[in-house]
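Here is the structure we will look at, set down as structure tokens.
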Amino acid sequence: MQSRISMITLGVRDLARSVEFYQQGLGFPRLASPPSVAFFTLSGSWLGLYGRDALAEDAGVPAEGSGFAGFSLAHNVASPEQVDELLEQAVAAGGKLVKPGQKVFWGGYSGYFADPDGYLWEVAHNPFMWVGPADDEP
């Protein structure tokens, strides 16, 4: 198996609301897709949004669950200021601030927001190394 993640698919309760959050709110570029699913290109992978019940049915698992899902998604940026800016952008788009940007035990700076379905996103600045694909912006 190659060491990569091709796509992350999130099971969402309201597809239109989630599409608006990721496309208009966070500025993710959306690909043409059928009405029942939405795909966004990320740097090196894709994000998929699909109905929570339908995704659970496809995997053959129960759709209901609550609390911590056991994972978070992460987006690294170039500075602590960019952490705070992105957290503000996510909240303005309808996300919930879970943990404000702050210095963290490992020497970086990070905070968390939750998307409309409660999926956790960490926004982090790592002053020791760049994590992930190279940033396309200058």
I need the minimum non-hydrogen distance between [X] and [Y], along with the two atoms involved.
X      : Y      : value
Ile5   : Ser45  : O-CB, 3.2 Å
Pro133 : Ser43  : CG-O, 3.1 Å
Ala93  : Gly25  : CB-CA, 3.3 Å
Gly94  : Pro116 : O-CG, 4.4 Å

Of Phe39, Phe28, Tyr119, Trp46, the one forming a ring pair (Phe, Tyr, Trp, His ring centres under 6.0 Å) with Tyr22 is Phe28
Between [X] and [Y], is there shared hydrophobic-cluster membership here, with clusters defined by ILVMFWY side-chain heavy atoms closer than 4.5 Å?
X      : Y      : value
Tyr109 : Leu120 : no
Phe71  : Val123 : yes
Val131 : Leu42  : no
Val77  : Leu97  : yes
Val91  : Val83  : yes

Nearest-0.5 Å distance, [atom1] of residue [X] to [atom2] of residue [Y]:
X      : Y      : atom1 : atom2 : result
Leu73  : Tyr112 : CG    : OH    : 10.5 Å
His125 : Lys103 : NE2   : NZ    : 11.0 Å
Lys99  : Leu87  : NZ    : CG    : 11.0 Å
Asp53  : Asp58  : CG    : CG    : 12.5 Å
Leu26  : His75  : CG    : NE2   : 9.0 Å

Short side-chain to backbone donor-acceptor contact, Gln89 and Glu85, under 3.5 Å
no
Side-chain (Arg52) to main-chain (Ala63) donor-acceptor, under 3.5 angstrom:
yes
Applying side-chain contact (heavy atoms from CB on, under 4.5 Å) to Tyr50 and Leu10, what does each step give before you reach the verdict?
CA-CA 6 Å; Tyr50 194 51; Leu10 302 177; over 6 Å; no
- prompt: More than 12 heavy atoms of other residues, nucleotides or ligands under 6.0 Å from CD of Gln102: is that the case?
  reply: yes
Practice problem: Test Phe40 against Gln23 for side-chain contact (heavy atoms from CB on, under 4.5 Å), laying out the working first. | Solution: CA-CA 8 Å; Phe40 299 88; Gln23 185 174 13; 3.8 Å; yes
Query - Leu49 and Val37, any side-chain heavy atoms less than 4.5 Å apart - result: no
Is the shortest side-chain heavy-atom distance between Val19 and Arg30 below 4.5 Å? yes
Review point. Going by distance alone, is a donor N or O of one side chain under 3.5 Å from an acceptor N or O of the other, for Glu122 and Ser110?
Key: yes
Do NZ/NE/NH1/NH2 and the carboxylate oxygens of Asp117 and Arg17 come within less than 4.0 Å? yes
